[in-house]
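Structure, as structure tokens:
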Amino acid sequence: MSLLLQPPNWIPDEKVSSCETCLELFSFFNRKHHCRGCGRVFCANCSSFYIQLPSNFNYDSPQRVCKACFQKFNEVLQQSNHAIDDATKFSLFILRELKYRVSEQICLIGRRTPPIKSWFIISATNSADEKLMTITQFSNEMKVKLSAYENQIKQLNSLINSPFVNPILHFELRSARDCIVVMREFENRGSLKDVLFGNSYPKQNYGVKYDISRVRPMRVDGIQKAAAQILQGLIYLNSIGIPFVHLHLGNVIVNNKNCCITEYENSFLGIAPYYTLFSTKIIPELECFSYVIYEMGSAKEKKNDYLFYRKLTPSDNYFSGIIKSAKDSNTPNEIISILEKIYACEIESDSPVCTLNDLTQDPFLQANITTTTIPELNESCKKFLVEVQNNILTVLTTQRNNVIDAAISKNNKLSRQNSAVVRSVSVDETLAKSDNTSTTPIVKKKKKIKRKKK
């Protein structure tokens, strides 16, 4: 299903007294039920619909929803099924050309799902070795004309050679369908996110295998090795000129030897990153890196909530809030120290901007440093990467502004609701007082009248 639909924030029970649809008052017998699709509160009759929600809602079975959400998600489900069928037919067409066959279709393995992204386990007709093939749609934010640079992209892919970057085995640009086809080795150990969530079967549905209750802290030596290798991968791509703002735990593949960055082609497509990058000073790749080590060290998923972290500290600083959250979660001191280095320029105005190479001087990140030869690029490849970099900066700015505007709007709405509740309570109290003062003399007056009659 489309990941444009995001999990809702539930309206607290105490703020609702009647059903959103029929307006019937709640009572001991008429109980409250949250719609898992929109987070609003309904009675049993008005929320008697059940449907499978998108994988990013983290439910592995059909959930209770209201009628409006049932209709909305049912339409999305039908569109998704059509997209899966379409992607499957298209994949079979491609694989016949490459002499490969589909071993397994795993359309919900990742965060992005059809029609945005489709995933297939494939193997050669004469081999049992499994490969991972993805079909990814162009983003609406993509301003780079990829068809003009197809040869440059293939050249870049052939030149990339680092133990910390997951290589592309096969790349195809299908302009007629506005998508790219990528083939890589399939790693049975999955991603670093699978490690953090204790998941031993990476082919599972995204919403099933990443149950937040299964998260366990990683050992410090494991974090050290992974962080150092991720940093080396970032430095390698940065040296070539490939921006990689799509770093997150799910985009770090674990093989027998190393942790490898993967999905770097997302930058070519103008796809918005997993994390919203709120800083205008910190190097984007380093901000992503900070969130990755935060999650490894705290065993908590970093919230994509601008105001949540700002409210954690008196200074109302987003990055100070993340550091406080990390400390409250017993994150190792080595990770806290790195976060403080990265965020210093946002917390203290006179602090210099930390670079990728600056972090290699940190004792915690000096493990597994290897020297890798940086390939020489021709002018056409450099021109392509400059366009990609400019496009990504635009995507980041748009995403950041949209998220901040939505957060501020939501905060203002909650403030208005809270003030309305306060006003309502004060009005009720005033009415109660006035009722008490006005009823007393009336009763006395009636008594006096009765006495006169007697």
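No hydrogens, no waters, no symmetry mates; every other heavy atom, side chains included, goes into these values. Note that the structure is a prediction, hence the values are computed from the model and not measured.
Using a 4.5 Å heavy-atom threshold, the side chains of Lys203 and Ile121 count as touching. The shortest side-chain heavy-atom distance between Leu237 and Phe164 does not fall under the 4.5 Å cut-off. Side-chain contact between Lys67 and Phe70: absent, with no pair of heavy atoms (C-beta onward) separated by less than 4.5 Å. Using a 4.5 Å cut-off on side-chain heavy atoms (C-beta onward), Arg36 and Trp10 make contact. Residues Glu130 and Ile122 fail the side-chain proximity criterion, which asks for heavy atoms closer than 4.5 Å. Contact of the Val181 side chain with the Thr134 side chain is not registered, since no non-hydrogen atoms from C-beta on lie closer than 4.5 Å. Side-chain atoms of Val220 and Phe364, non-hydrogen and from C-beta on, do get closer than 4.5 Å to each other. Two residues are said to be in side-chain contact when any heavy atoms from C-beta on lie closer than 4.5 Å; Asp358 and Lys341 fail this criterion.
Listed here is the closest heavy atom pair of Leu277 and Cys288: CD2-SG, 3.7 Å. Scanning both residues, Val252 and Cys259, for their nearest heavy atoms gives CG1-CB, 3.7 Å. Taking each heavy atom of Pro202 and Asp194 in turn, the nearest pair found is CB-OD2, 3.6 Å. Taking each heavy atom of Val65 and Tyr50 in turn, the nearest pair found is CG2-N, 4.5 Å. Closest approach of Gln399 and Ala272 over heavy atoms only: NE2-CB, 3.9 Å. In plain terms, the two heavy atoms of Ser325 and Leu312 that are nearest each other are CB-CD1, 3.9 Å.
Atom CG of Asn402 sits in a crowded spot, with more than 12 heavy atoms from other residues, nucleotides or ligands closer than 6.0 Å. In the displayed structure, Asn333 atom CG is contacted under 6.0 Å by at most 12 heavy atoms of other residues, nucleotides or ligands.
A side-chain donor-acceptor contact under 3.5 Å links Asn251 to the backbone of His246. In this structure, Lys32 contributes its side chain and Val16 its backbone to a donor-acceptor pair below 3.5 Å. No donor-acceptor distance shorter than 3.5 angstrom exists from the side chain of Ser329 to the backbone of Ser298, with no hydrogens or angles considered. In this structure, Asn238 contributes its side chain and Pro243 its backbone to no donor-acceptor pair below 3.5 Å. Looking at Asn199, its side chain does come within 3.5 Å of a backbone N or O of Tyr201 through a donor-acceptor pair. Remark: the backbone N or O of Phe29 is not paired with any side-chain donor or acceptor of Arg31 at under 3.5 angstrom. Side-chain atoms of Ser48 come within 3.5 Å of backbone atoms of Asn45 as a donor-acceptor pair (strictly under, hydrogens ignored). His248 places a side-chain N or O within donor-acceptor distance of the main-chain N or O of Gly250, the cut-off being under 3.5 Å. A donor-acceptor pair is defined here as one N or O able to donate and one able to accept, closer than 3.5 Å; such a pair exists between the side chain of Ser139 and the backbone of Gly270.
Between the CD1 atom in Ile404 and the OG atom in Ser409 there is a gap of 13.5 Å [rounded to 0.5 Å]. With rounding to the nearest 0.5 angstrom, the CE atom of Met183 is 12.0 Å from the CZ atom of Phe120. Met218 contributes atom CE, which lies 12.0 Å from atom CD1 of Ile293 (distance to the nearest 0.5 angstrom). With rounding to the nearest 0.5 Å, the separation of OG in Ser320 from CD in Glu348 is 9.0 Å. Put simply, CG on Leu269 and CG on Asn140 are 12.0 Å apart, with the number rounded to the nearest 0.5 Å. Rounded to the nearest 0.5 angstrom, Glu172 CD and Cys179 SG are separated by 9.0 Å.
Between Glu263 and Lys117 there is a salt bridge, since at least one side-chain N of the basic residue sits less than 4.0 Å from a carboxylate O of the acidic one. In this structure, Asp221 does not pair ionically with Lys225, as no charged nitrogen and carboxylate oxygen lie closer than 4.0 Å. At a threshold of 4.0 Å, the pair Lys311-Asp316 does not count as salt-bridged, since none of the basic side-chain nitrogens sits closer than that to a carboxylate oxygen.
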task = Please lay out, stage by stage, how Val144 and Phe268 fare under the test side chain to side chain contact (heavy atoms under 4.5 Å, CB included).
result = CA-CA 8 Å; Val144 182; Phe268 305 159; over 6 Å; no
ask   = Does the side chain to side chain contact (heavy atoms under 4.5 Å, CB included) test come out yes or no for Ile242 and Tyr236, once each step is laid out?
value = CA-CA 9 Å; Ile242 298 177; Tyr236 179 80; over 6 Å; no
query = After noting the C-alpha distance and the side-chain angles of Glu187 and Asn255, does the key distance pass the side-chain hydrogen bond (donor to acceptor under 3.5 Å, both in side chains) rule?
reply = CA-CA 6 Å; Glu187 298 293 344; Asn255 59 28; 4.6 Å; no
message = Walk me through whether Arg216 and Leu196 qualify under side chain to side chain contact (heavy atoms under 4.5 Å, CB included).
response = CA-CA 6 Å; Arg216 296 293 181 272; Leu196 188 67; over 6 Å; no
task = Please step through side chain to side chain contact (heavy atoms under 4.5 Å, CB included) for the pair Leu192 and Ile230, ending with a clear verdict.
result = CA-CA 11 Å; Leu192 208 51; Ile230 293 169; 3.9 Å; yes
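For Thr262, the side chain to side chain donor-acceptor pair (under 3.5 Å) partners are Asn166, Arg184, not counting sequence neighbours. Checked against side-chain contact (heavy atoms from CB on, under 4.5 Å), Glu20 has the following partners two or more places apart in sequence or in another chain: Ile11, Arg40, Phe42. Applying the ring-ring contact (aromatic ring centres under 6.0 Å, His included) criterion to Tyr264, with sequence neighbours excluded, gives no partner residue.
The stretch residues 279-290 participates, sequence neighbours left out, in these side-chain hydrogen bond (donor to acceptor under 3.5 Å, both in side chains) pairs: Ser279-Glu346, Glu287-Tyr291, Ser290-Tyr343. Pairs passing the salt bridge (Lys or Arg N to Asp or Glu O under 4.0 Å) check and including a residue from residues 295-304, sequence neighbours excluded, read Lys193-Glu301.
Ring pair Tyr306/Phe278: centre-to-centre distance below 6.0 Å.
Test Ile135, Thr136, Leu132 against Trp119 for side-chain contact (heavy atoms from CB on, under 4.5 Å) and you get one pass: Leu132.
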Please list, one pair per line, the donor and acceptor atoms closer than 3.5 Å that link side chains of residues 389-397 to other protein atoms, with sequence neighbours excluded.
from: Gln389; atom 1: NE2; to: Gly241; atom 2: O; distance (Å): 2.7
from: Asn390; atom 1: ND2; to: Val386; atom 2: O; distance (Å): 3.3
from: Asn391; atom 1: OD1; to: Lys143; atom 2: N; distance (Å): 3.4
from: Thr394; atom 1: OG1; to: Asn390; atom 2: O; distance (Å): 3.1
from: Thr397; atom 1: OG1; to: Leu393; atom 2: O; distance (Å): 2.9

